[in-house]
Chemist: 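Sharing a structure, written as structure tokens. Questions coming.
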Amino acid sequence: MKEKLAQQFERMRISRKVIEAFKKVPREEFVLPEWKEAAYEDSALPIKAGQTISQPSTVALMIDALELETGMSVLEIGAGSGYNAAVMSKIAKHVYSIERIKELAEFAKKNLKKIGITNVTIINADGKKGYPEKAPYDRIIITAAAEKIPEQLLKQLKDNGVLLMPVGPEHGQELIRARRKGKDYLYEKLGGYVFVPLR
Ligand code: SAH
């Protein structure tokens, strides 16, 4: 099943680097026990507090679109299960991931610890303010949707850095890639998705 997903990612032209990172992370360790069997179906699954772990192909497409490279420092908003952070941690130097719901922050920490990942820091806070303590970041990824990219997050991006966020109303959003050029930002639209809302 996992191998089949990896082949699907190849057909989707996901980069080799991202597919290798995907292969290294056991998604079954990030879902609730009752969903283990479904861990390698290409679908979002319920986690705690009414939230979801993203669909594997969405995780792969987003990390690919983020243009993540070895040695980079990453900020994620919406840790959820910790799965997306775990996949990114196989490429990045360090991932800081913020989660608003305490129960989920604990869940993510526990999942990452179980599989021995040490280069991810989970922070229980409101991600709209970012995490100035470790700014600026090479990459920022927001895995929850809002009508607009929070200003504080754009400010915490390094020059030439890339930020990725689903932007739009609750029923459907467009994935936006922002690239910092000095004090300017270039925006690209990367297609439609549906994410849980940023609160
Ligand atoms: N990346 C996750 C899935 C994200 S679901 C994974 O791999 O499992 C989106 C998450 O964003 C939810 O857990 C939700 O609680 C969180 N969230 C929503 N608004 C937030 C905010 N303002 N700050 C931090 N986290 C937030």
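Both counts, for ligands and for their atoms, begin at 1 and track the order of listing.
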Chemist: Counting only heavy atoms closer than 4.0 Å, does ligand 1 sit against the backbone of Leu104, its side chain, both, or neither?
Modeler: side chain

Chemist: Please work out whether any backbone atom (N, CA, C, O) or any side-chain heavy atom from C-beta onward of Asp126 is under 4.0 Å from ligand 1, and answer side chain, backbone, both or neither.
Modeler: both

Chemist: Distance to 0.1 Å, residue and atom name: give those for the protein heavy atom nearest to atom 7 (O) of ligand 1.
Modeler: Asn84 N, 3.0 Å

Chemist: At a 4.0 Å cut-off, with the gap strictly under it, does some heavy atom of Ala125 reach an atom of ligand 1?
Modeler: yes

Chemist: Closer than 4.0 Å to some heavy atom of Ile98 - which atoms of ligand 1 meet that?
Modeler: 24 (C), 25 (N)

Chemist: Near Ser81, which atoms of ligand 1 are under 4.0 Å from a heavy atom of that residue?
Modeler: 6 (C), 7 (O), 8 (O)

Chemist: What protein heavy atom is closest to atom 1 (N) of ligand 1, reported as residue, atom name and distance in Å?
Modeler: Gly78 O, 3.0 Å

Chemist: Backbone N or O of Ala39 within a donor-acceptor pair of the Arg27 side chain at under 3.5 Å?
Modeler: yes

Chemist: Would you please test Met62 and Leu175 for side chain to side chain contact (heavy atoms under 4.5 Å, CB included) and show each step?
Modeler: CA-CA 9 Å; Met62 283 187 81; Leu175 188 61; 3.8 Å; yes

Chemist: Identify each donor-acceptor pair in which a side-chain atom of residues 28-38 lies under 3.5 Å from a protein atom, sequence neighbours left out, and give them as a table.
Modeler:
| residue | atom | partner | partner atom | Å |
| --- | --- | --- | --- | --- |
| Glu28 | OE1 | Tyr40 | OH | 2.5 |
| Glu29 | OE1 | Lys114 | NZ | 3.3 |

Chemist: Output yes when the distance from some N or O of ligand 1 to some N or O of Ile53 is under 3.5 Å, and no in every other case.
Modeler: no

Chemist: So is Ser97 close enough to ligand 1, meaning a heavy atom under 4.0 angstrom away?
Modeler: no

Chemist: Using the salt bridge (Lys or Arg N to Asp or Glu O under 4.0 Å) rule, take Lys158 and Asp138 through it: C-alpha gap first, then chi angles, then the decisive distance, then the call.
Modeler: CA-CA 5 Å; Lys158 278 188 196 168; Asp138 296 294; 3.2 Å; yes

Chemist: Salt-bridge test for Asp184 and Lys181: reply yes if a basic N is under 4.0 Å from a carboxylate O, no otherwise.
Modeler: no

Chemist: Under a 4.0 Å N-O cut-off, is there an ion pair linking Glu99 with Arg199?
Modeler: no

Chemist: Using a strict 4.0 Å threshold on nitrogen-to-oxygen distance, state whether Glu67 and Arg177 make a salt bridge.
Modeler: yes

Chemist: Check ligand 1 against Glu76 and write out every atom of the ligand that is under 4.0 Å from a heavy-atom position of the residue.
Modeler: 1 (N)

Chemist: List every atom of ligand 1 that sits less than 4.0 Å from any heavy atom of Thr52, numbering the atoms from 1 in the order shown and giving each element.
Modeler: 3 (C), 4 (C), 5 (S)

Chemist: Any side-chain donor paired with an acceptor under 3.5 Å for Glu76 and Asn84?
Modeler: yes

Chemist: Checking salt bridge (Lys or Arg N to Asp or Glu O under 4.0 Å) for the pair Arg16/Glu20: CA distance, chi angles, key distance, verdict?
Modeler: CA-CA 6 Å; Arg16 177 101 325 257; Glu20 288 310 316; 2.7 Å; yes

Chemist: Quick one: which of Arg27, Glu99, Arg100 has a heavy atom closest to atom 15 (O) of ligand 1?
Modeler: Glu99

Chemist: Give the residue and atom name of whichever protein heavy atom lies nearest to atom 19 (N) of ligand 1, and the separation in Å to one decimal.
Modeler: Arg199 N, 3.0 Å

Chemist: Under 4.0 Å from ligand 1, counting heavy atoms only, is it the side chain of Ala49, its backbone, both or neither?
Modeler: neither

Chemist: Got the closest protein heavy atom to atom 20 (C) of ligand 1, with its distance?
Modeler: Leu198 CD1, 3.5 Å

Chemist: Quick check on contacts: which atoms of ligand 1 are under 4.0 angstrom from a heavy atom of Ile101?
Modeler: 15 (O)

Chemist: Between Val59 and ligand 1, find which residue part has any heavy-atom pair under 4.0 Å and reply side chain, backbone, both or neither.
Modeler: neither

Chemist: Please work out, at 4.0 Å between heavy atoms, whether the side chain, the backbone, both, or neither of Ala85 comes within that distance of ligand 1.
Modeler: neither

Chemist: Tell me whether Ala108 reaches ligand 1 (any heavy atom closer than 4.0 angstrom to a ligand atom).
Modeler: no

Chemist: Treat each ILVMFWY residue as a node, draw an edge where side-chain heavy atoms are under 4.5 Å apart, and state whether Ile19 and Ile141 are in one component.
Modeler: yes

Chemist: What are the atoms of ligand 1, with element, lying closer than 4.0 Å to any heavy atom of Ser54?
Modeler: 3 (C)

Chemist: Can you name the atoms of ligand 1, numbered from 1 with element, that are less than 4.0 Å from a heavy atom of Tyr83?
Modeler: 7 (O)

Chemist: Can you tell me how far NZ of Lys155 sits from OH of Tyr185, rounded to the nearest 0.5 angstrom?
Modeler: 8.5 Å

